[in-house]
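Everything on this sheet refers to the single structure shown next.
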Number of protein chains: 2
Amino acid sequence: MSNQKHPSERPYLKTHSLQPENQETPIQFIENNHVHPKLFYRRNHFLFPQLSYSNYFLTINGYVQKPRVLSLQEIYQLPSKTIKVLLECSGNKRHFFKPKVFGEQWEKGAISQGYWTGVPLRNLLDKVGLRNGAKEVVIEGYDFGERSDLDHLYSFTRSLPLEKALHPDTLIAYEYNNEPIPFKHGYPLRLIVPQWYAMASVKWIKQITIIDKEFAGPFQSIDYVYYPNKDDNEGARPVTTINVNSTIQKPLNREILNTGKHTIKGIAWTGTGFVKKVEISTDNGDTWITANLENQDTHGYDWVNWSFEWDVTKKGEYTILSKATDSANRTQPKQPFWNRKGYGYNAIDTIHVKIE
Amino acid sequence: MSNQKHPSERPYLKTHSLQPENQETPIQFIENNHVHPKLFYRRNHFLFPQLSYSNYFLTINGYVQKPRVLSLQEIYQLPSKTIKVLLECSGNKRHFFKPKVFGEQWEKGAISQGYWTGVPLRNLLDKVGLRNGAKEVVIEGYDFGERSDLDHLYSFTRSLPLEKALHPDTLIAYEYNNEPIPFKHGYPLRLIVPQWYAMASVKWIKQITIIDKEFAGPFQSIDYVYYPNKDDNEGARPVTTINVNSTIQKPLNREILNTGKHTIKGIAWTGTGFVKKVEISTDNGDTWITANLENQDTHGYDWVNWSFEWDVTKKGEYTILSKATDSANRTQPKQPFWNRKGYGYNAIDTIHVKIE
């Protein structure tokens, strides 16, 4: 026998369910800023669809002047752009709501980011020509199945208002990190909608339909709606823009540390403008220190990394908080906005450590 | 492009820390009764050790008549036995203690099982001959490092009382599921101590030393001790035998289900005798039903599978409980025995589901 090579340690997706597959990114252990496809969180409403690539075409129809059917080759030949975009499931951190809510118990890892390459949706819409009165763009995925609350089969279908559909950074993407998008993340075509929660970024696009009214499919009218009350639907409003948010990556929650110097680090992001400031507290909010922002970018759709050098001399238990503020002056609240289906959690991030 | 093969879904280890590596088994998704090595939970106190296999020998010394140094070949040639044994970290379910405790936040997956093959430790002790007055057998692993609470370097070392060391099913194991034990699980030699929490099953055995007194290393005198009080050590007692316990695998906690029939299933285990009964409640403990035990085995050291067919017609929220009782009439308590370091959690298992 030869000498043992030192074995490596690597993190894995955290499994929530398998059919459909829902697994989250081990966000505390993500060190680069374009998440490896294997560690990109997987969020599905249905079993994976069966696609026939040999006759895959993208249909664009509805309230348009000239419907089109485009092959992948035609799409690949159009001018493309590459944008770094984070996708965050609107159920990210659902696990932390109190009172607790039902549904996938995402902890802090229903978020990932990387480089998406594709054709701006607006360029495809130019090809078909919107008719006067066009109001929304409906994107249907190939994934479909039953819902626990309705009787029929539904495909995963969402709409965008024209303004968002025509934004130059809303993409029909076909590459992630310079490789074809992995099947589980939407191959061959996936919509990428920067700044909105990722239910908008429909995978396995089947067709695009322009309509002259408001779309009312169940993934828009039942799910992905903030319901502020437990027992009625009063005050319901749709889930759209990502809330300002932050996550502490290090130390780990409930970690036991020595006295001395420790780096507190994490990520912060927003769907409005850019992250302007991240504040850290090591005394449960009594005092706050501004963290160092490592890659602040006023135009990006990605997260910023932040860090703070903590020199701790006194043994005991500490509650560490992180609070991000964005350029629109939105800031993380102390208490999350509770809603029945558990979307948009963005309370100040909190961990507890013990120094001994 | 050819047609897409339906992609498979598979669960992964759940990452708690990487250096040292601590990752738990996705226990809800384990369907067979000998866990694949890739999904066996990993629990380490230190970085992985560097071993030189080319001159690996097992030393057995101390309070013996004739110390021995055995090569792996010599050990492989001794009569072996294969036993199905579950290993459970004593910190399994630590996450669920209230008030919460510090340390690795194991959820329900710091448990795995499979077939271990090796030589009974007693047969090796026969070779060296215990001297009169021998009291404990100390097993030292190759893994070592710093502790947050002490100044020196320590190896992971534990002792067994003679009675446990001489039990015919306490093994010096070299195979798991008929393959060499994977490095991360103790290759080339691992102690397997059935019925005790797995801190006793020392990995990467370096040497075995017989002593005539009680061993007092920090992994025995500081860690792996039940401390009932937060602020003092009164009533401290060592962690040894596995408590009677059960885990619901299906449904998943916070899952949303239809009305109709659902299988409630899970596992149950104990370190004393065998699991005699598993009871299920779907009304938060008001009424209990006896579950079907699928592989009850009065002599095994493994878990039993249990299941119950639930026919639910009324919509609403349900709290589902599972409670195991063993042949020593130990039963899972409603409240866990809280202790400062968070060992031995075995409260009645609880999940919440919503029927809609």
Side-chain angles (χ1 to χ4, degrees), chain A residues 1-23 26 28-29 42 44 47-54 56 72 94-95 100-105 146-149 182-184 187-188 252-259 317 342 352-356, chain B residues 1-23 26 28-29 42 44 47-54 56 72 94-95 100-105 146-149 182-184 187-188 252-259 317 342 352-356:
Chain A
M1 282 178 289
S2 64
N3 277 9
Q4 152 79 30
K5 190 168 160 285
H6 206 67
S8 61
E9 305 88 3
R10 72 177 187 89
Y12 298 94
L13 291 170
K14 184 183 293 180
T15 310
H16 289 287
S17 72
L18 289 180
Q19 294 185 320
E21 184 171 0
N22 285 297
Q23 308 212 47
Q28 282 83 3
F29 306 98
R42 301 174 186 167
N44 292 283
L47 297 185
F48 289 112
Q50 297 267 17
L51 272 72
S52 168
Y53 298 142
S54 53
Y56 181 91
L72 285 174
R94 176 179 288 136
H95 176 73
K100 293 185 80 66
V101 298
F102 289 87
E104 298 293 330
Q105 295 297 297
E146 295 179 345
R147 292 173 55 96
S148 61
D149 56 352
F183 173 76
K184 290 188 175 183
Y187 183 87
L252 298 166
N253 190 30
R254 298 283 161 191
E255 194 166 347
I256 299 169
L257 300 167
N258 282 104
T259 55
E317 297 180 12
H352 305 273
V353 300
K354 185 177 182 179
I355 306 293
E356 70 175 23
Chain B
M1 281 179 289
S2 64
N3 277 9
Q4 153 79 30
K5 190 168 160 284
H6 206 67
S8 61
E9 303 87 4
R10 72 176 186 89
Y12 298 94
L13 292 169
K14 185 182 294 182
T15 312
H16 288 288
S17 71
L18 289 180
Q19 293 184 320
E21 184 171 1
N22 285 296
Q23 309 211 47
Q28 282 82 4
F29 305 98
R42 300 174 186 166
N44 291 283
L47 297 185
F48 289 111
Q50 296 267 16
L51 273 73
S52 168
Y53 298 140
S54 54
Y56 181 92
L72 286 175
R94 176 179 289 138
H95 176 73
K100 292 185 81 67
V101 298
F102 289 86
E104 298 293 331
Q105 294 298 297
E146 295 179 345
R147 292 174 54 97
S148 61
D149 55 352
F183 174 76
K184 290 189 176 184
Y187 183 89
L252 298 166
N253 190 29
R254 297 285 161 190
E255 193 168 348
I256 299 169
L257 300 167
N258 282 103
T259 55
E317 297 181 12
H352 304 273
V353 300
K354 184 179 183 179
I355 306 292
E356 68 176 24

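Computation of the quantities below employed the complete heavy-atom set of this structure, encompassing side-chain atoms and omitting hydrogens, waters and symmetry-equivalent molecules. Each chain gets a letter, A, B and so on, in the order its sequence line appears, and its residues count up from 1.
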Item to check | Atom group of A:His16 that falls short of 4.5 Å from chain B, counting heavy atoms | outcome: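 Looking at A:His16, just its backbone touches chain B.
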Checklist entry - Using non-hydrogen atoms only, which part of A:Leu252 is less than 4.5 Å away from chain B: side chain, backbone, both, or neither? => result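 The side chain, not the backbone.
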Next on the checklist: Working to the nearest 0.5 angstrom, can you tell me the gap between A:Arg254 CZ and B:Lys100 NZ?
Outcome noted: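 Between A:Arg254 CZ and B:Lys100 NZ, I get 6.0 Å after rounding to 0.5 Å.
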Item to check | Atom pair OG1/NZ of A:Thr15 and B:Lys14 - distance to nearest 0.5 Å | outcome: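 Here the rounded value is 8.0 Å.
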Next on the checklist: Minimum heavy-atom separation for B:Lys184 and A:Glu9, please, with both atom names.
Outcome noted: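 That closest heavy-atom pairing would be NZ-CA, 4.1 Å.
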Item to check | Closest non-hydrogen atom pair between A:Phe102 and B:Val353, with its separation | outcome: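 Heavy atoms of A:Phe102 and B:Val353 come nearest at CE2-C, 3.2 Å.
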Next on the checklist: Under a 4.5 Å cutoff for heavy-atom pairs, which residue among B:Asn253, B:Thr259, B:Val101 has the most contacts with chain A?
Outcome noted: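 Of the candidates given, the most pairs with chain A belong to B:Val101.
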Item to check | Contact leader toward chain A among B:Pro26, B:Pro20, B:Gly103, where contacts are heavy-atom pairs under 4.5 Å | outcome: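 With the most close heavy-atom pairs to chain A, the winner is B:Gly103.
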Next on the checklist: Under a 4.5 Å cutoff for heavy-atom pairs, which residue among A:Glu104, A:His95, A:Glu317, A:Glu146 has the most contacts with chain B?
Outcome noted: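 The candidate making the most pairs under 4.5 Å is A:Glu317.
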Item to check | Top contributor to chain B interface from A:Arg147, A:Gln28, A:Arg10, A:Glu255 [non-hydrogen pairs under 4.5 Å] | outcome: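 Ranked by heavy-atom pairs under 4.5 Å with chain B, first place is A:Arg10.
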Checklist entry - Donor-acceptor pair, B:Ser148 side chain versus A:Leu257 backbone, under 3.5 Å? => result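 Answer holds: no.
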